[in-house]
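Letters go in sequence order (proteins before strands), and every chain restarts at 1. The shown structure was predicted, so the numbers you read here are calculated from the model rather than taken from an experiment.
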Number of protein chains: 4
Amino acid sequence: MVGSKRSAGDVATTGSRRRAELLAIAADLFARRGFVVTTVREIADAAGILSGSLYHHFDSKESMVDEILREFLGYQQELYAEVLREEHDPRTTITELVRRSFQAMDRYRSAVTIYQNEAKHLAQFDRFAYLRRAGNDFERTWTKVLQQGQRDGVFRDDLHVKIAYRFIRDTVWTTVHWYNPRGRLNAQVIADQHVTLLCEGIMAPRA
Amino acid sequence: MVGSKRSAGDVATTGSRRRAELLAIAADLFARRGFVVTTVREIADAAGILSGSLYHHFDSKESMVDEILREFLGYQQELYAEVLREEHDPRTTITELVRRSFQAMDRYRSAVTIYQNEAKHLAQFDRFAYLRRAGNDFERTWTKVLQQGQRDGVFRDDLHVKIAYRFIRDTVWTTVHWYNPRGRLNAQVIADQHVTLLCEGIMAPRA
Amino acid sequence: MVGSKRSAGDVATTGSRRRAELLAIAADLFARRGFVVTTVREIADAAGILSGSLYHHFDSKESMVDEILREFLGYQQELYAEVLREEHDPRTTITELVRRSFQAMDRYRSAVTIYQNEAKHLAQFDRFAYLRRAGNDFERTWTKVLQQGQRDGVFRDDLHVKIAYRFIRDTVWTTVHWYNPRGRLNAQVIADQHVTLLCEGIMAPRA
Amino acid sequence: MVGSKRSAGDVATTGSRRRAELLAIAADLFARRGFVVTTVREIADAAGILSGSLYHHFDSKESMVDEILREFLGYQQELYAEVLREEHDPRTTITELVRRSFQAMDRYRSAVTIYQNEAKHLAQFDRFAYLRRAGNDFERTWTKVLQQGQRDGVFRDDLHVKIAYRFIRDTVWTTVHWYNPRGRLNAQVIADQHVTLLCEGIMAPRA
DNA sequence: CATGAATGAGGGTTCATTCAT
DNA sequence: TATGAATGAACCCTCATTCAT
């Protein structure tokens, strides 16, 4: 959609299979090596073409990340919206939000890494203003649940909500840096471990 | 082509006041803008000199981060060693480790940010191999305490130590991204909030 | 920091017509002005392109001289090998070696000049270690013939072979500094004058 | 004299002992590493001072070579003039010229190397126009003797004087590249070997 | 769709030189 | 005399991007 070079009359604005392949290759490199240090030539090399040829598919290097991030962000937002529509009690909501975060991570691994690593840097450009908005949306989603939980007496009332939010966010998102989707621990397991740690802490339950 | 540089009588390693100033300026920029995207010209501009003049003090842009990171890492390692020498019980040890982490963050704010953001990228170069070593040292320190706590029955025994370590590390270190040292919440307060969340979780204590 | 460059599908080593042109331009400048003082901008200017564009064809300024020298050296070594295979008597061998030296000089004029002027300086870098090897090969070739000639009684036996070799080498190679391929004296004539001087000296033959 | 920073009223315009030391250090580096690639910092390092401090003694890096070359050139010209004043027969003159060349080489080793390597490059600047003049003087000196020798029938009459001159010059001067003043072969011996080779060639004398 | 050649802006770095102290 | 900090110009090289073929 964004940055597509297809003309108006095109049926499939999101482009061909080749496009998707290239995007996956780029996402992988951006995630592993960083957006700034990844050169378009590296992407092209990995795709087996010359760097100039990439410009038949994309307007610019920026438009590649743009597309990568938008797709992930849309997916994540939809998953969160789902949870909210289901109207669980606060603890279950938290649990579900964490689970869906890991679900998105499972599907858009590279994109999450990129978001985690580069959002702050990219957000300063107008083109990526939506990254700020998405961040704020996420914050609102989580803090609302936390506040509700406090009102219900289910979360500790000495909780500094903003800190707690960041605490949760950091833990969940940064998992992407070490989480190995092909390892023994699948997303579900890790998600549940996280929820437990989040809710009960590391201390052994007293009797 | 050639290689060596600086020799007898030169300042590059001696450390003068000016040097320290320049290093602080560089650290600030590296932290705020990222190491890769920060240009030596920006550093020089911020210092009110020409870019070439930086090379009177430093061998390269790399040697600047190098120095910045080494100083922080040395300090942090010393603080952790102190804690271990004090031989507290596991929970107190955790508490103290968290506190000293925030203490280091207070003193080497920019360095911590840089470490957080760039370590992974830099560590791939021989020159920064010590970043990997330091990371491993930190991991060992924390996991030992967690394991001891489990053996003592004070930490939950269904705890996946490696995950817990990363959980803690992520939460503590990424704080640097939003923690404002001039804000109302000082390092001590935030550290203690963290320990509470870490230990008891976000749930209200039962009865 | 990183290092590698160029990869699959790239031209850097393939050699196209444009490449050869650029190499010739570079060789000419390196020979006339010196490798160190010749800037890539000068080369690019002479070629009517921008300096950056050179890097579409070559990895570096160094790799340009490298290629220039290797080609000449390979040619010269082949010519010498030919002479040896022909198994002449010592004096004829010397004559032929001199002739082929001038032949190589005729074909790779700039390269010879560069070799003459810069080999010593370049050879100190690993990349150009082959310059030392080539030099040693040349020395071995010549000294063997000189020694054989002495054993045969055709060369004076008070000849200090190493000195004689250098004597010959210096005379032959440095010719490139003033030899004008478009002048009246062609390579053959000069070569023969050299052989005469080398063999009989400047004195008039006695009776 | 040239490039001196001493003021008009100074008695010793050539400067102090320190000056001479620095000049020797510079000459050594220029000879070994090349004028262009030798940095003023290297010179300063070798002298145990900072690069800026050199400018208390010399106007510029150029003025250093300038002084080095002028001194050698003056000496050499004087030696040649001496030979001519002695009015020997052609062969003896040649012998003496070669000997005095080696004598100058012995005394101004570095300067000769520099002259050999850099004269062509430096001569293109107005400041070093005297290098061209000196070169022409040398040529005139040698060719006159060669021509006289031909007229006298002592040198072969099929000798191409210009080629012969260059032949001699190249052999004599380039010796500096490998001649080791501390080796077994002293200047006198090498000079005489040279004269023999020059006059009789490498062929064994017939019967 | 892809290639191959080029652009143009900018990046890190070097180095002779200056000058107040 | 020497230091130490700085200048300013230039250098090699990188890289996203363009475009004729």
Side-chain angles (χ1 to χ4, degrees), chain A residues 5 16 18-19 22 36-44 47-64, chain B residues 1-2 5 9-11 14 16-19 22 36-44 47-62 64, chain C residues 1-2 5 9-11 14 16-19 22 36-44 47-62 64, chain D residues 5 16 18-19 22 36-44 47-64:
Chain A
K5 294 196 87 172
S16 65
R18 189 76 175 116
R19 238 181 110 70
L22 295 173
V36 181
V37 300
T38 299
T39 70
V40 297
R41 200 163 69 197
E42 281 168 347
I43 300 171
I49 57 178
L50 288 184
S51 63
S53 308
L54 279 176
Y55 290 81
H56 285 286
H57 303 277
F58 306 97
D59 282 337
S60 65
K61 188 177 148 185
E62 270 186 23
S63 77
M64 295 187 215
Chain B
M1 273 174 92
V2 188
K5 211 187 322 172
D10 233 300
V11 231
T14 321
S16 64
R17 194 158 316 135
R18 190 68 176 124
R19 241 180 104 69
L22 295 173
V36 181
V37 300
T38 299
T39 70
V40 298
R41 273 174 185 86
E42 282 170 345
I43 300 171
I49 58 178
L50 289 181
S51 67
S53 306
L54 281 175
Y55 291 82
H56 179 64
H57 301 276
F58 306 98
D59 278 341
S60 65
K61 189 178 147 186
E62 267 183 38
M64 294 188 215
Chain C
M1 273 177 91
V2 188
K5 210 185 326 174
D10 232 302
V11 232
T14 319
S16 65
R17 193 157 316 134
R18 189 69 175 120
R19 242 180 104 68
L22 296 172
V36 180
V37 300
T38 299
T39 70
V40 296
R41 265 178 191 87
E42 282 170 345
I43 300 171
I49 58 177
L50 289 180
S51 66
S53 306
L54 281 175
Y55 291 83
H56 179 64
H57 302 276
F58 306 98
D59 278 344
S60 64
K61 187 178 148 185
E62 266 182 38
M64 294 188 214
Chain D
K5 294 196 84 172
S16 62
R18 188 74 175 121
R19 233 180 114 71
L22 295 173
V36 180
V37 300
T38 298
T39 69
V40 295
R41 199 162 70 198
E42 282 169 345
I43 301 171
I49 58 178
L50 288 184
S51 64
S53 307
L54 280 175
Y55 290 81
H56 283 287
H57 302 277
F58 306 97
D59 281 338
S60 65
K61 189 176 145 185
E62 267 184 26
S63 77
M64 295 187 215

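- The side chain of C:R41 has E:dG10 as its nearest neighbour among F:dT17, E:dT13, E:dG10.
- The distance between atom CZ of B:F58 and atom P of F:dA6, rounded to the nearest whole Å, is 11 Å.
- For the strand DNA chain E, secondary-structure stems (runs of at least three Watson-Crick or G-U pairs, all distances below 3.5 Å) span E:2-21 with F:2-21.
- Here F:dC15 presents its C1' atom at 11 Å from CD of A:E42, a figure rounded to the nearest Å.
- With both ends at atom C1', the span from F:dT21 to E:dC1 equals 13 Å, rounded to whole Å.
- Shortest non-hydrogen contact noted between C:A47 and C:R18 is O-NH2, 3.4 Å.
- Listed pair D:Y55 / E:dT18 fails the phosphate criterion, with no side-chain N or O lying under 4.0 Å from OP1 or OP2.
- Once rounded to the nearest 0.5 Å, the distance linking CZ of A:R41 with OG of A:S51 reads 7.0 Å.
- Closest-nucleotide positions on DNA chain E for B:S51 and C:L50 were compared, and the one nearer the 5' end corresponds to C:L50.
- Annotation for A:M64 and A:L54: closest pair CE-CD1, 4.0 Å, computed over non-hydrogen atoms.
- As rounded to whole Å, 17 Å separates atom P of F:dC15 from atom CD of A:E62.
- Nucleotide E:dA2 holds its P atom 8 Å from the NE2 atom of A:H56, rounded to whole Å.
- Between A:I49 and A:H56 the shortest side-chain heavy-atom distance does not fall below 4.5 Å.
- Using a 4.0 Å heavy-atom cutoff across all strands shown, B:R18 reaches sugar-phosphate atoms only and no base atom.
- Of all the heavy atoms in D:F58 and D:S63, the pair that sits closest is CB-OG, 3.7 Å.
- Rounded to an integer number of Å, the gap from B:K61 NZ to E:dG10 C1' is 12 Å.
- Toward the 5′ end of DNA chain F lies the nearest nucleotide of D:L22, the other residue of the pair D:L22 and C:T39 mapping further downstream.
- Whole-Å rounding puts the B:D59 CG to E:dC15 C1' distance at 15 Å.
- Atom pair A:L54:CG and E:dG4:C1' shows a separation of 15 Å (rounding to whole Å applied).
- Of all heavy-atom pairs between C:V36 and C:K61, the closest is O-NZ, 3.4 Å.
- If you find the closest nucleotide of DNA chain E to B:V40 and to C:I49, the one lying nearer the 5' end belongs to C:I49.
- Atom CZ of B:R17 is separated from atom P of F:dG4 by 14 Å (rounded to the nearest Å).
- Using a 4.5 Å cut-off on side-chain heavy atoms (C-beta onward), A:E42 and A:T39 make contact.
- Taking only side-chain nitrogens and oxygens, C:S53 comes nearer than 4.0 Å to OP1 or OP2 of E:dT7.
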